[in-house]
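This report concerns only the one structure given below.
Each residue takes its place number in the sequence, starting with 1.
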Amino acid sequence: MLLSDIKNMSIAANLQEIKNSIPPTVTLVAVTKTKTVAEIMEAYEAGQRDFGENKIQEMTQKYEQLPKDIRWHMIGHLQSNKVKYMAEFVHLVHGIDKFTTLVEIDKQAQKHNRIINCLLQVHIAQEETKFGFSYDEISTLLNSNELQLFKNVKIIGLMGMATFTENEIQIRTEFQALSNYFQQLKIQYPQFTSLSMGMSSDYNIAISAGSTIIRVGSAIFGGR
Ligand SMILES: *Cc1c(COP(=O)(O)O)cnc(C)c1O
């Protein structure tokens, strides 16, 4: 489908089409970065409740203006000094790529007497620019005792972004490797329930590789 076609369809219709094409067990996070409160409300009215933003301040502003039963997903790179703004309400933090970010989330979550669910971001793409831990770094982190010190952070899985390429075989290979690693960890860590991978261009590949959460923006709301 061309982007110009997507723009001509309604947000509700786009959502319905995606929902119909994915298994009911997969969580669809509607990514609303740069989109208006009115556009988000259109998706909300269509029944959508999981929304994702990549900047803490933008997410916080939208949270304040929108219905409180929305589950807000922070999907972007995190700046520790902004964690305090979202600690009261964030539903799931996808992009943990530093131990120190977890320390800050734990501290801020404690102030609100909450446990914040987090995913560790794994660097699976070939590009240098994408954030995330290597597989080795994740293993080291999980094998250390450090994670047990957190009382208000719960690691419930992994997140990854494939290389930006037209080569579907490469995308599939990257997703499958992450999924295999996730399945392996699940045996040892039963709290690992969530694998966040797949965006507008590659969510079908991600789901067939075992994704449980997809993050879809432009296929719902049109281009940015
Ligand atoms: C923007 C964004 C998405 C959604 O991208 P689309 O191609 O518009 O579906 C997914 N994940 C992350 C981390 C993003 O920043």
Over all heavy atoms of both residues, which pair between Leu195 and Ser211 is shortest? Give the atoms and the distance, please.
-> O-OG, 3.4 Å
Do Asn180 and Gln184 have a side chain donor and acceptor closer than 3.5 Å?
-> no
Polar side chain donor-acceptor pair, Glu104 to Gln108, under 3.5 angstrom | yes
First locate atom OG of Ser201, then atom CD of Glu168, and finally report the distance between them rounded to the nearest 0.5 Å.
-> 9.5 Å
Any side-chain donor near an acceptor of the partner, Asp50 and His73, under 3.5 Å = yes
Are side-chain N/O atoms of Ser218 and Arg224 paired as donor and acceptor at under 3.5 Å?
-> no
Nearest 0.5 Å, what's the CZ-OG distance between Phe221 and Ser200?
-> 10.0 Å
Heavy-atom closest pair (Phe192 atom, Lys186 atom, distance to 0.1 Å) is O-CG, 3.1 Å
Does a side chain donor of either Ser134 or His123 reach within less than 3.5 Å of an acceptor in the other side chain?
-> no
If you draw a 6.0 Å radius around CG in Asn81, do more than 12 non-hydrogen atoms from other residues or ligands fall strictly inside?
-> yes
Take atom CZ in Phe164; do more than 12 heavy atoms of anything else shown fall under 6.0 Å from it?
-> no
Without swapping roles, check the side chain of Asn14 against the backbone of Ile220 for a donor-acceptor pair under 3.5 Å.
-> yes
Within-4.5 Å side-chain heavy-atom neighbours: Ser139 and Phe133 | no
If you measure only the distance, is there a donor-acceptor pair under 3.5 Å linking the side chains of Asp97 and His77?
-> yes
Rounded to the nearest 0.5 Å, what separation is found between the CG atom of Leu158 and the CG atom of Leu178?
-> 5.5 Å
Looking only at heavy atoms, the pair that brings Ala109 and Ala87 closest together is N-CB, 4.3 Å
How long is the gap from OG on Ser179 to CD1 on Ile124, to the nearest 0.5 Å?
-> 10.0 Å
Please work out whether the ring planes of Tyr63 and Phe89 are parallel, tilted or perpendicular, with thresholds of 30° and 60°.
-> parallel
Should Met59 and Leu119 be regarded as members of a common hydrophobic cluster, given that ILVMFWY residues are connected when their side-chain heavy atoms come within less than 4.5 Å of each other, either directly or indirectly?
-> no
Residues Met161 and Ala125: closest non-hydrogen pair is O-CB, 3.5 Å
Enclosure of Tyr85 OH (heavy-atom neighbours >12, cutoff 6.0 Å) | no
Is a salt bridge present between Lys33 and Glu58, judged by a nitrogen-to-oxygen distance below 4.0 Å?
-> no
Check: Ser208/Arg172 side-chain N/O donor and acceptor closer than 3.5 Å | yes
Could you state whether Ile138 and Phe175 fall into the same hydrophobic cluster, counting links through intermediate Ile, Leu, Val, Met, Phe, Trp or Tyr residues with side-chain heavy atoms under 4.5 angstrom apart?
-> yes
Within 6.0 angstrom of Lys68 NZ, more than 12 heavy atoms from elsewhere | yes
Looking at CG of Leu141 and NZ of Lys98, how far apart are the two atoms once the value is rounded to the nearest 0.5 Å?
-> 13.5 Å
Any chain of hydrophobic side-chain contacts (each under 4.5 Å) joining Val216 to Ile207?
-> yes
Is a side-chain donor-acceptor pair under 3.5 Å present for Thr36 with Glu39?
-> yes
Passes side chain to side chain contact (heavy atoms under 4.5 Å, CB included), Ile116 versus Val90? Steps please.
-> CA-CA 7 Å; Ile116 296 183; Val90 69; 3.9 Å; yes
Just by distance, do the side chain of Gln48 and the backbone of Leu28 share a donor-acceptor pair under 3.5 Å?
-> yes
Could you state whether Ile96 and Tyr189 fall into the same hydrophobic cluster, counting links through intermediate Ile, Leu, Val, Met, Phe, Trp or Tyr residues with side-chain heavy atoms under 4.5 angstrom apart?
-> yes
Same hydrophobic cluster for Val83 and Leu92, using side-chain heavy-atom links shorter than 4.5 Å among ILVMFWY?
-> no
Tightest non-hydrogen contact, residues His94 and Ile213, listed as CE1-CG2, 3.9 Å
So does Arg49 pair up with Asp69, basic N to acidic O under 4.0 Å?
-> yes
Is the side chain of Glu42 donor-acceptor paired with the backbone N or O of Ala12 at a distance under 3.5 Å, no angle test?
-> no
Could you check Val93 against Asn117 for side chain to side chain contact (heavy atoms under 4.5 Å, CB included), going step by step and ending with a plain yes or no?
-> CA-CA 6 Å; Val93 182; Asn117 289 332; over 6 Å; no
Atom pair CE/OG1 of Met86 and Thr60 - distance to nearest 0.5 Å | 8.0 Å
Does a side chain donor of either Ser194 or Thr212 reach within less than 3.5 Å of an acceptor in the other side chain?
-> no
Thr32 to Trp72 - nearest heavy-atom pair and separation | OG1-CZ3, 4.1 Å
Spell out, as yes or no, whether a donor-acceptor pair under 3.5 Å connects the side chain of Asn167 to the backbone of Gln170.
-> yes
Report the C-alpha separation of Met41 and Leu66 in whole Å, then their side-chain angles, then the decisive distance to 0.1 Å, and conclude whether the side chain to side chain contact (heavy atoms under 4.5 Å, CB included) test is met.
-> CA-CA 8 Å; Met41 272 313 289; Leu66 283 155; 3.5 Å; yes
Test item: side-chain donor near acceptor, Gln110 and Lys107, under 3.5 Å | no
Distance-only side-chain donor-acceptor flag, Glu174 / Thr163, under 3.5 Å | yes
